[in-house]
2 protein chains.
Amino acid sequence: MGISERRERDKERRRAEIIEAAERVFFCKGVDNATMDDVAEAAELSKGTLYLYFKNKEDLYLAIIVRGITILQRAFEEAAKARKKGIDKVAAIGRAYFDFCKTHAQYFSAMLYFESYNLDPGADSGYGVQCTNQTNRTFAICEEAVQFGIDDGTIRPDIDPKKTALTLYGLATGLLQIISIKGKLIRQDHHVNPDELIDTFFDLIAKSLRP
Amino acid sequence: MGISERRERDKERRRAEIIEAAERVFFCKGVDNATMDDVAEAAELSKGTLYLYFKNKEDLYLAIIVRGITILQRAFEEAAKARKKGIDKVAAIGRAYFDFCKTHAQYFSAMLYFESYNLDPGADSGYGVQCTNQTNRTFAICEEAVQFGIDDGTIRPDIDPKKTALTLYGLATGLLQIISIKGKLIRQDHHVNPDELIDTFFDLIAKSLRP
DNA sequence: TATAATTAATGACCCCTGGTCATAGTATCT
DNA sequence: AGATACTATGACCAGGGGTCATTAATTATA
(Lines give C-alpha, C1' and ligand atoms only; values in the text may rest on other atoms or scores of the structure.)
Protein backbone atom coordinates (compact mmCIF):
# COMPACT_ATOMS: atom_id res chain seq x y z
CA MET A 1 0.00 0.00 0.00
CA GLY A 2 3.04 2.27 -0.05
CA ILE A 3 2.44 3.42 -3.60
CA SER A 4 -1.01 4.86 -3.24
CA GLU A 5 0.19 6.65 -0.14
CA ARG A 6 3.11 8.16 -1.95
CA ARG A 7 0.71 9.11 -4.74
CA GLU A 8 -1.39 10.88 -2.15
CA ARG A 9 1.67 12.68 -0.83
CA ASP A 10 2.70 13.70 -4.34
CA LYS A 11 -0.74 15.01 -4.98
CA GLU A 12 -0.72 17.08 -1.83
CA ARG A 13 2.70 18.43 -2.69
CA ARG A 14 1.48 19.42 -6.14
CA ARG A 15 -1.51 21.06 -4.60
CA ALA A 16 0.73 22.99 -2.22
CA GLU A 17 3.00 24.02 -5.08
CA ILE A 18 0.05 25.37 -7.00
CA ILE A 19 -1.17 27.31 -4.00
CA GLU A 20 2.32 28.70 -3.56
CA ALA A 21 2.48 29.80 -7.18
CA ALA A 22 -1.03 31.20 -7.08
CA GLU A 23 -0.17 33.17 -3.98
CA ARG A 24 2.78 34.77 -5.68
CA VAL A 25 0.72 35.66 -8.71
CA PHE A 26 -2.40 36.83 -6.88
CA PHE A 27 -0.49 38.86 -4.33
CA CYS A 28 1.59 40.46 -7.03
CA LYS A 29 -1.02 41.29 -9.67
CA GLY A 30 -4.18 41.17 -7.63
CA VAL A 31 -6.78 38.43 -7.96
CA ASP A 32 -8.86 40.22 -10.52
CA ASN A 33 -5.97 41.06 -12.80
CA ALA A 34 -4.29 37.70 -12.48
CA THR A 35 -5.40 35.02 -14.89
CA MET A 36 -5.39 31.29 -14.48
CA ASP A 37 -2.85 31.18 -17.28
CA ASP A 38 -0.58 33.34 -15.17
CA VAL A 39 -0.92 30.89 -12.31
CA ALA A 40 -0.33 27.94 -14.60
CA GLU A 41 2.85 29.52 -15.92
CA ALA A 42 4.09 30.33 -12.42
CA ALA A 43 3.37 26.77 -11.35
CA GLU A 44 5.01 25.42 -14.50
CA LEU A 45 1.91 23.48 -15.34
CA SER A 46 -0.82 23.71 -17.92
CA LYS A 47 -4.02 25.48 -17.07
CA GLY A 48 -6.04 22.31 -17.35
CA THR A 49 -4.00 20.74 -14.58
CA LEU A 50 -4.99 23.47 -12.17
CA TYR A 51 -8.55 22.35 -12.54
CA LEU A 52 -7.61 18.83 -11.48
CA TYR A 53 -6.68 20.22 -8.11
CA PHE A 54 -9.11 23.09 -7.66
CA LYS A 55 -12.74 23.52 -8.58
CA ASN A 56 -12.18 26.97 -10.00
CA LYS A 57 -10.32 30.21 -9.56
CA GLU A 58 -12.26 31.19 -6.48
CA ASP A 59 -11.58 27.86 -4.83
CA LEU A 60 -7.88 28.35 -5.41
CA TYR A 61 -8.09 31.78 -3.85
CA LEU A 62 -9.94 30.39 -0.87
CA ALA A 63 -7.13 27.87 -0.41
CA ILE A 64 -4.76 30.80 0.01
CA ILE A 65 -7.15 32.39 2.45
CA VAL A 66 -7.16 29.26 4.59
CA ARG A 67 -3.43 29.73 5.03
CA GLY A 68 -3.95 33.29 6.10
CA ILE A 69 -6.54 32.38 8.67
CA THR A 70 -4.24 29.68 10.01
CA ILE A 71 -1.47 32.21 10.53
CA LEU A 72 -3.89 34.47 12.31
CA GLN A 73 -5.08 31.62 14.49
CA ARG A 74 -1.52 30.84 15.59
CA ALA A 75 -0.98 34.49 16.42
CA PHE A 76 -4.15 34.53 18.51
CA GLU A 77 -3.11 31.42 20.39
CA GLU A 78 0.30 32.84 21.19
CA ALA A 79 -1.11 36.17 22.23
CA ALA A 80 -3.64 34.63 24.58
CA LYS A 81 -1.14 32.17 26.04
CA ALA A 82 1.38 34.89 26.86
CA ARG A 83 -0.95 36.77 29.23
CA LYS A 84 -2.24 35.88 32.60
CA LYS A 85 -5.31 38.05 33.06
CA GLY A 86 -8.38 37.59 30.89
CA ILE A 87 -8.68 41.24 29.95
CA ASP A 88 -5.04 41.22 28.89
CA LYS A 89 -5.60 38.16 26.78
CA VAL A 90 -8.41 39.95 24.97
CA ALA A 91 -6.31 43.05 24.45
CA ALA A 92 -3.36 40.99 23.26
CA ILE A 93 -5.55 39.19 20.76
CA GLY A 94 -6.75 42.54 19.50
CA ARG A 95 -3.20 43.77 19.11
CA ALA A 96 -2.25 40.55 17.38
CA TYR A 97 -5.04 41.11 14.91
CA PHE A 98 -3.82 44.58 14.10
CA ASP A 99 -0.25 43.40 13.81
CA PHE A 100 -1.35 40.67 11.47
CA CYS A 101 -3.13 43.20 9.32
CA LYS A 102 0.09 45.16 8.99
CA THR A 103 2.63 42.40 8.58
CA HIS A 104 0.44 40.20 6.41
CA ALA A 105 -1.49 42.86 4.55
CA GLN A 106 -1.87 40.63 1.52
CA TYR A 107 -3.38 37.82 3.52
CA PHE A 108 -5.62 40.20 5.33
CA SER A 109 -7.11 41.70 2.21
CA ALA A 110 -7.56 38.21 0.85
CA MET A 111 -9.45 37.35 4.00
CA LEU A 112 -11.65 40.38 3.52
CA TYR A 113 -12.66 38.85 0.25
CA PHE A 114 -13.79 35.76 2.10
CA GLU A 115 -15.60 37.95 4.60
CA SER A 116 -17.70 39.44 1.84
CA TYR A 117 -18.08 36.12 0.12
CA ASN A 118 -21.41 34.37 0.23
CA LEU A 119 -20.62 30.71 0.25
CA ASP A 120 -23.50 28.66 -0.98
CA PRO A 121 -24.74 26.38 1.81
CA GLY A 122 -25.04 23.41 -0.55
CA ALA A 123 -21.29 23.16 -1.15
CA ASP A 124 -19.80 20.76 1.36
CA SER A 125 -16.57 20.40 -0.58
CA GLY A 126 -13.95 22.94 -1.53
CA TYR A 127 -12.02 25.43 0.48
CA GLY A 128 -14.96 27.65 1.33
CA VAL A 129 -16.04 25.40 4.18
CA GLN A 130 -12.45 25.11 5.35
CA CYS A 131 -12.38 28.88 5.59
CA THR A 132 -15.51 28.86 7.67
CA ASN A 133 -14.23 26.16 9.99
CA GLN A 134 -10.87 27.80 10.40
CA THR A 135 -12.56 31.12 11.13
CA ASN A 136 -14.72 29.45 13.73
CA ARG A 137 -11.67 27.96 15.41
CA THR A 138 -10.00 31.34 15.41
CA PHE A 139 -13.05 32.93 16.83
CA ALA A 140 -13.24 30.32 19.57
CA ILE A 141 -9.95 31.60 20.93
CA CYS A 142 -11.49 35.05 21.32
CA GLU A 143 -14.49 33.62 23.07
CA GLU A 144 -12.33 31.64 25.49
CA ALA A 145 -10.33 34.73 26.34
CA VAL A 146 -13.48 36.68 27.16
CA GLN A 147 -14.79 33.81 29.25
CA PHE A 148 -11.44 33.60 31.02
CA GLY A 149 -11.67 37.28 31.85
CA ILE A 150 -15.14 36.92 33.26
CA ASP A 151 -13.99 34.01 35.41
CA ASP A 152 -10.93 35.79 36.78
CA GLY A 153 -12.88 38.97 37.39
CA THR A 154 -11.03 41.22 34.96
CA ILE A 155 -14.03 41.53 32.65
CA ARG A 156 -17.49 42.49 33.78
CA PRO A 157 -19.58 39.38 34.32
CA ASP A 158 -22.89 40.69 32.99
CA ILE A 159 -21.97 40.23 29.35
CA ASP A 160 -22.39 37.17 27.20
CA PRO A 161 -18.93 35.92 26.18
CA LYS A 162 -20.02 34.52 22.85
CA LYS A 163 -21.97 37.56 21.77
CA THR A 164 -19.27 39.88 23.00
CA ALA A 165 -16.52 37.96 21.26
CA LEU A 166 -18.48 37.84 18.02
CA THR A 167 -19.23 41.53 18.24
CA LEU A 168 -15.63 42.45 18.99
CA TYR A 169 -14.43 40.28 16.14
CA GLY A 170 -16.82 41.98 13.76
CA LEU A 171 -15.95 45.43 15.00
CA ALA A 172 -12.22 44.90 14.76
CA THR A 173 -12.48 43.40 11.30
CA GLY A 174 -14.62 46.27 10.11
CA LEU A 175 -12.29 48.86 11.45
CA LEU A 176 -9.28 47.16 9.93
CA GLN A 177 -11.03 46.86 6.62
CA ILE A 178 -11.78 50.55 6.50
CA ILE A 179 -8.26 51.38 7.52
CA SER A 180 -6.66 49.03 5.04
CA ILE A 181 -8.73 50.27 2.14
CA LYS A 182 -9.48 53.87 2.94
CA GLY A 183 -6.40 54.52 5.04
CA LYS A 184 -4.89 56.95 2.58
CA LEU A 185 -8.18 58.76 2.23
CA ILE A 186 -8.54 59.07 5.99
CA ARG A 187 -5.13 60.61 6.16
CA GLN A 188 -5.74 62.98 3.24
CA ASP A 189 -9.35 64.01 3.75
CA HIS A 190 -9.50 63.92 7.52
CA HIS A 191 -5.88 64.46 8.50
CA VAL A 192 -6.07 61.54 10.87
CA ASN A 193 -3.44 58.86 11.24
CA PRO A 194 -5.29 55.55 10.75
CA ASP A 195 -3.35 53.96 13.57
CA GLU A 196 -4.95 56.41 15.96
CA LEU A 197 -8.32 54.94 15.11
CA ILE A 198 -7.06 51.66 16.42
CA ASP A 199 -6.02 53.32 19.64
CA THR A 200 -9.41 54.97 19.83
CA PHE A 201 -11.00 51.58 19.42
CA PHE A 202 -8.92 50.12 22.24
CA ASP A 203 -9.77 53.02 24.49
CA LEU A 204 -13.46 52.59 23.84
CA ILE A 205 -13.48 48.87 24.37
CA ALA A 206 -11.25 48.89 27.42
CA LYS A 207 -13.76 51.16 29.11
CA SER A 208 -16.72 49.00 28.22
CA LEU A 209 -15.27 45.68 29.33
CA ARG A 210 -14.18 46.86 32.76
CA PRO A 211 -16.16 45.31 35.57
CA MET B 1 -29.41 78.71 -25.60
CA GLY B 2 -32.64 76.84 -24.88
CA ILE B 3 -31.76 73.92 -27.07
CA SER B 4 -28.44 72.92 -25.59
CA GLU B 5 -30.00 73.17 -22.15
CA ARG B 6 -32.84 70.90 -23.13
CA ARG B 7 -30.28 68.55 -24.60
CA GLU B 8 -28.51 68.57 -21.28
CA ARG B 9 -31.76 67.76 -19.47
CA ASP B 10 -32.53 64.95 -21.88
CA LYS B 11 -29.11 63.54 -21.31
CA GLU B 12 -29.52 63.62 -17.57
CA ARG B 13 -32.92 61.96 -17.84
CA ARG B 14 -31.43 59.22 -20.00
CA ARG B 15 -28.68 58.75 -17.52
CA ALA B 16 -31.21 58.46 -14.71
CA GLU B 17 -33.26 55.97 -16.72
CA ILE B 18 -30.20 53.82 -17.25
CA ILE B 19 -29.34 53.90 -13.56
CA GLU B 20 -32.91 52.94 -12.77
CA ALA B 21 -32.79 50.00 -15.15
CA ALA B 22 -29.36 48.94 -13.94
CA GLU B 23 -30.58 49.02 -10.37
CA ARG B 24 -33.45 46.68 -11.18
CA VAL B 25 -31.15 44.29 -13.00
CA PHE B 26 -28.25 44.38 -10.53
CA PHE B 27 -30.45 44.08 -7.47
CA CYS B 28 -32.35 41.23 -9.02
CA LYS B 29 -29.56 39.11 -10.49
CA GLY B 30 -26.59 40.40 -8.56
CA VAL B 31 -23.88 42.54 -10.11
CA ASP B 32 -21.65 39.66 -11.05
CA ASN B 33 -24.35 37.64 -12.73
CA ALA B 34 -25.93 40.59 -14.50
CA THR B 35 -24.50 41.49 -17.88
CA MET B 36 -24.38 44.83 -19.60
CA ASP B 37 -26.66 43.31 -22.23
CA ASP B 38 -29.18 42.67 -19.49
CA VAL B 39 -29.01 46.28 -18.46
CA ALA B 40 -29.27 47.45 -22.05
CA GLU B 41 -32.36 45.36 -22.56
CA ALA B 42 -33.94 46.62 -19.34
CA ALA B 43 -33.17 50.19 -20.37
CA GLU B 44 -34.48 49.53 -23.90
CA LEU B 45 -31.21 50.71 -25.35
CA SER B 46 -28.29 49.12 -27.09
CA LYS B 47 -25.26 48.15 -25.11
CA GLY B 48 -23.09 50.66 -26.90
CA THR B 49 -25.30 53.48 -25.70
CA LEU B 50 -24.65 52.58 -22.08
CA TYR B 51 -21.02 53.36 -22.66
CA LEU B 52 -21.91 56.85 -23.86
CA TYR B 53 -23.21 57.57 -20.38
CA PHE B 54 -20.94 55.48 -18.16
CA LYS B 55 -17.28 54.66 -18.32
CA ASN B 56 -17.84 51.01 -17.64
CA LYS B 57 -19.88 48.53 -15.66
CA GLU B 58 -18.26 49.46 -12.39
CA ASP B 59 -18.95 53.13 -12.91
CA LEU B 60 -22.60 52.32 -13.48
CA TYR B 61 -22.65 50.35 -10.27
CA LEU B 62 -21.03 53.20 -8.40
CA ALA B 63 -23.77 55.50 -9.68
CA ILE B 64 -26.28 53.26 -7.94
CA ILE B 65 -24.20 53.33 -4.79
CA VAL B 66 -24.25 57.12 -4.75
CA ARG B 67 -28.02 56.90 -4.49
CA GLY B 68 -27.73 54.51 -1.57
CA ILE B 69 -25.35 56.76 0.30
CA THR B 70 -27.66 59.70 -0.29
CA ILE B 71 -30.57 57.83 1.28
CA LEU B 72 -28.39 56.97 4.24
CA GLN B 73 -27.30 60.58 4.58
CA ARG B 74 -30.92 61.75 4.73
CA ALA B 75 -31.64 59.15 7.38
CA PHE B 76 -28.69 60.34 9.45
CA GLU B 77 -29.78 63.95 9.16
CA GLU B 78 -33.30 63.13 10.29
CA ALA B 79 -32.09 60.97 13.15
CA ALA B 80 -29.75 63.61 14.48
CA LYS B 81 -32.29 66.39 14.10
CA ALA B 82 -34.95 64.52 16.05
CA ARG B 83 -32.90 64.33 19.27
CA LYS B 84 -31.92 66.98 21.70
CA LYS B 85 -28.96 65.50 23.56
CA GLY B 86 -25.71 64.73 21.79
CA ILE B 87 -25.42 61.20 23.06
CA ASP B 88 -28.95 60.53 21.83
CA LYS B 89 -28.10 61.93 18.44
CA VAL B 90 -25.21 59.49 18.19
CA ALA B 91 -27.33 56.58 19.28
CA ALA B 92 -30.11 57.57 16.88
CA ILE B 93 -27.65 57.74 14.01
CA GLY B 94 -26.45 54.27 14.94
CA ARG B 95 -29.97 52.94 14.97
CA ALA B 96 -30.68 54.66 11.67
CA TYR B 97 -27.69 52.90 10.18
CA PHE B 98 -28.93 49.52 11.32
CA ASP B 99 -32.44 50.26 10.10
CA PHE B 100 -31.04 51.27 6.76
CA CYS B 101 -29.16 48.02 6.54
CA LYS B 102 -32.39 46.13 7.05
CA THR B 103 -34.79 48.16 4.96
CA HIS B 104 -32.35 48.84 2.12
CA ALA B 105 -30.35 45.65 2.22
CA GLN B 106 -29.63 45.85 -1.50
CA TYR B 107 -28.21 49.33 -1.24
CA PHE B 108 -26.22 48.37 1.79
CA SER B 109 -24.51 45.44 0.17
CA ALA B 110 -23.83 47.60 -2.85
CA MET B 111 -22.21 50.10 -0.53
CA LEU B 112 -20.09 47.36 0.95
CA TYR B 113 -18.74 46.85 -2.51
CA PHE B 114 -17.66 50.47 -2.58
CA GLU B 115 -16.17 50.07 0.87
CA SER B 116 -13.87 47.36 -0.40
CA TYR B 117 -13.21 49.17 -3.62
CA ASN B 118 -9.86 50.76 -4.18
CA LEU B 119 -10.53 53.81 -6.25
CA ASP B 120 -7.49 54.89 -8.12
CA PRO B 121 -6.43 58.34 -6.97
CA GLY B 122 -5.80 59.50 -10.53
CA ALA B 123 -9.43 59.30 -11.54
CA ASP B 124 -11.08 62.64 -10.95
CA SER B 125 -14.09 61.79 -13.08
CA GLY B 126 -16.68 59.09 -12.70
CA TYR B 127 -18.90 58.12 -9.82
CA GLY B 128 -16.14 56.81 -7.58
CA VAL B 129 -15.24 60.27 -6.37
CA GLN B 130 -18.90 61.10 -5.93
CA CYS B 131 -19.15 58.09 -3.64
CA THR B 132 -16.22 59.32 -1.62
CA ASN B 133 -17.61 62.84 -1.33
CA GLN B 134 -21.06 61.62 -0.40
CA THR B 135 -19.55 59.31 2.20
CA ASN B 136 -17.58 62.17 3.65
CA ARG B 137 -20.72 64.29 3.93
CA THR B 138 -22.51 61.43 5.65
CA PHE B 139 -19.63 60.95 8.00
CA ALA B 140 -19.60 64.67 8.81
CA ILE B 141 -23.05 64.25 10.36
CA CYS B 142 -21.66 61.65 12.75
CA GLU B 143 -18.79 63.87 13.67
CA GLU B 144 -21.10 66.81 14.37
CA ALA B 145 -23.25 64.66 16.62
CA VAL B 146 -20.27 63.56 18.66
CA GLN B 147 -19.06 67.15 18.92
CA PHE B 148 -22.54 68.21 19.97
CA GLY B 149 -22.50 65.61 22.71
CA ILE B 150 -19.16 66.78 24.01
CA ASP B 151 -20.41 70.35 24.06
CA ASP B 152 -23.62 69.56 25.91
CA GLY B 153 -21.82 67.30 28.35
CA THR B 154 -23.53 64.04 27.42
CA ILE B 155 -20.33 62.57 25.95
CA ARG B 156 -16.99 62.50 27.74
CA PRO B 157 -14.89 65.43 26.66
CA ASP B 158 -11.53 63.68 26.58
CA ILE B 159 -12.10 62.05 23.21
CA ASP B 160 -11.39 63.41 19.78
CA PRO B 161 -14.71 63.80 17.93
CA LYS B 162 -13.28 63.15 14.50
CA LYS B 163 -11.35 60.09 15.46
CA THR B 164 -14.20 58.76 17.51
CA ALA B 165 -16.73 59.33 14.77
CA LEU B 166 -14.48 57.68 12.20
CA THR B 167 -13.88 54.76 14.49
CA LEU B 168 -17.55 54.30 15.30
CA TYR B 169 -18.43 54.51 11.63
CA GLY B 170 -15.90 51.83 10.82
CA LEU B 171 -16.96 49.63 13.68
CA ALA B 172 -20.63 49.84 12.83
CA THR B 173 -20.03 49.18 9.17
CA GLY B 174 -17.88 46.19 9.97
CA LEU B 175 -20.40 44.70 12.30
CA LEU B 176 -23.21 45.20 9.82
CA GLN B 177 -21.14 43.68 7.08
CA ILE B 178 -20.48 40.56 9.09
CA ILE B 179 -24.12 40.33 10.07
CA SER B 180 -25.41 40.87 6.57
CA ILE B 181 -23.11 38.29 5.05
CA LYS B 182 -22.53 35.75 7.78
CA GLY B 183 -25.82 36.28 9.60
CA LYS B 184 -27.15 32.84 8.80
CA LEU B 185 -23.87 31.24 9.81
CA ILE B 186 -23.87 33.09 13.11
CA ARG B 187 -27.33 31.78 13.80
CA GLN B 188 -26.50 28.23 12.77
CA ASP B 189 -22.98 27.75 14.09
CA HIS B 190 -23.17 29.93 17.17
CA HIS B 191 -26.88 29.92 17.94
CA VAL B 192 -26.83 33.67 18.30
CA ASN B 193 -29.42 36.02 16.89
CA PRO B 194 -27.45 38.54 14.81
CA ASP B 195 -29.61 41.40 16.09
CA GLU B 196 -28.30 40.71 19.56
CA LEU B 197 -24.82 41.57 18.33
CA ILE B 198 -26.10 45.01 17.48
CA ASP B 199 -27.50 45.36 20.99
CA THR B 200 -24.17 44.19 22.36
CA PHE B 201 -22.47 46.82 20.29
CA PHE B 202 -24.74 49.54 21.61
CA ASP B 203 -24.18 48.40 25.16
CA LEU B 204 -20.43 48.50 24.73
CA ILE B 205 -20.37 51.89 23.09
CA ALA B 206 -22.86 53.50 25.44
CA LYS B 207 -20.56 52.61 28.33
CA SER B 208 -17.48 53.98 26.66
CA LEU B 209 -18.93 57.31 25.59
CA ARG B 210 -20.37 58.19 28.98
CA PRO B 211 -18.58 61.10 30.68
C1' DT C 1 -36.49 74.44 -48.22
C1' DA C 2 -32.18 72.13 -49.26
C1' DT C 3 -27.82 71.10 -47.46
C1' DA C 4 -24.23 70.77 -44.12
C1' DA C 5 -22.87 69.81 -39.47
C1' DT C 6 -23.43 68.11 -35.02
C1' DT C 7 -25.09 64.78 -31.87
C1' DA C 8 -27.22 60.34 -30.40
C1' DA C 9 -27.77 55.51 -31.03
C1' DT C 10 -26.78 51.10 -32.95
C1' DG C 11 -25.13 46.30 -33.09
C1' DA C 12 -21.70 43.67 -35.29
C1' DC C 13 -17.36 42.80 -33.83
C1' DC C 14 -12.99 42.07 -31.04
C1' DC C 15 -10.62 39.96 -27.42
C1' DC C 16 -9.77 38.31 -23.09
C1' DT C 17 -10.35 34.76 -19.75
C1' DG C 18 -12.54 31.06 -17.04
C1' DG C 19 -13.42 26.53 -17.74
C1' DT C 20 -13.65 21.84 -20.57
C1' DC C 21 -12.31 17.61 -22.82
C1' DA C 22 -10.40 14.45 -26.12
C1' DT C 23 -5.80 13.06 -26.46
C1' DA C 24 -1.16 11.87 -25.03
C1' DG C 25 2.15 10.51 -21.71
C1' DT C 26 3.76 7.95 -17.67
C1' DA C 27 3.88 4.92 -13.99
C1' DT C 28 1.98 0.59 -12.01
C1' DC C 29 0.11 -3.96 -12.22
C1' DT C 30 -0.28 -8.73 -14.30
C1' DA D 1 5.35 -6.85 -22.93
C1' DG D 2 0.86 -5.57 -22.78
C1' DA D 3 -3.07 -3.89 -20.14
C1' DT D 4 -4.66 -0.61 -16.82
C1' DA D 5 -5.01 3.47 -14.10
C1' DC D 6 -3.64 7.81 -13.21
C1' DT D 7 -1.76 12.44 -14.53
C1' DA D 8 -1.02 16.19 -17.59
C1' DT D 9 -1.78 18.76 -21.79
C1' DG D 10 -3.28 22.57 -24.75
C1' DA D 11 -6.48 23.37 -28.33
C1' DC D 12 -10.90 24.77 -27.97
C1' DC D 13 -15.43 26.87 -26.48
C1' DA D 14 -18.67 30.23 -24.47
C1' DG D 15 -19.81 34.30 -22.45
C1' DG D 16 -19.33 38.91 -21.45
C1' DG D 17 -16.98 43.57 -21.23
C1' DG D 18 -15.87 47.06 -24.15
C1' DT D 19 -15.18 49.42 -29.08
C1' DC D 20 -16.11 51.70 -33.38
C1' DA D 21 -17.56 52.37 -38.08
C1' DT D 22 -22.00 53.23 -39.63
C1' DT D 23 -26.71 55.01 -39.43
C1' DA D 24 -30.47 57.99 -37.88
C1' DA D 25 -32.10 62.16 -36.12
C1' DT D 26 -31.78 66.83 -34.89
C1' DT D 27 -30.12 71.47 -35.44
C1' DA D 28 -27.64 75.15 -37.79
C1' DT D 29 -26.69 77.39 -42.20
C1' DA D 30 -27.38 79.22 -46.96
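Computed from a predicted structure; not experimentally measured. Excluded from the calculations below are hydrogen atoms, water molecules and symmetry mates; all remaining heavy atoms, backbone and side chain alike, are included. Every chain is numbered from 1 and lettered A, B, ... according to where its sequence line falls, protein lines coming before strand lines.
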For B:T49, enumerate each residue passing the side chain to side chain contact (heavy atoms under 4.5 Å, CB included) test, keeping only those at least two apart in sequence or located in another chain.
B:L45, B:S46, B:L52, B:Y53

Salt-bridge criterion met for B:D10 and B:R13 (N-O under 4.0 Å)
yes

So if I take residues 16-34 of chain B and measure heavy-atom distances to DNA chain D, which residues fall below 4.0 Å?
B:A34

Got a salt bridge between A:E17 and A:R14, using NZ or NE/NH1/NH2 to carboxylate O under 4.0 Å?
yes

Would you call B:E20 and B:R67 a salt bridge, taking side-chain N to carboxylate O under 4.0 Å as the test?
yes

Should the pair B:D199-B:R95 be classified as a salt bridge under the 4.0 Å nitrogen-to-oxygen rule?
yes

Nearest-angstrom distance from the residue atom CG of B:L60 to C1' of D:dG16:
15 Å

note: A:D37, atom CG; D:dC12, atom P; distance rounded to Å ~ 15 Å

How many Å lie between OH on B:Y51 and P on D:dG16, as a whole number?
12 Å

Reading 5' to 3' through nucleotides 3-16 of chain C, protein heavy-atom contacts under 4.0 Å coded B for base, S for sugar-phosphate only, - for none:
----SSBBB-----

For the residue pair A:Y127 and A:Q134, confirm or rule out a side-chain donor-acceptor distance under 3.5 Å.
no

Could you check how far CE of A:M36 sits from P of D:dT9, rounded to whole Å?
14 Å

Please report the distance, rounded to the nearest Å, between CG in A:D10 and C1' in C:dT28.
13 Å

Do the numbers put A:R15 on top of the ring of A:F54, so that NZ or CZ is under 6.0 Å from the six-membered ring centre and no more than 45° off the axis?
yes

Under 3.5 Å, is there a donor-acceptor pair between the B:Y113 and A:S116 side chains?
no

Whole-Å distance separating the CZ atom of A:R13 from the C1' atom of D:dT7:
14 Å

Value in whole Å for how far the C1' atom of C:dT17 lies from NZ of A:K57
8 Å

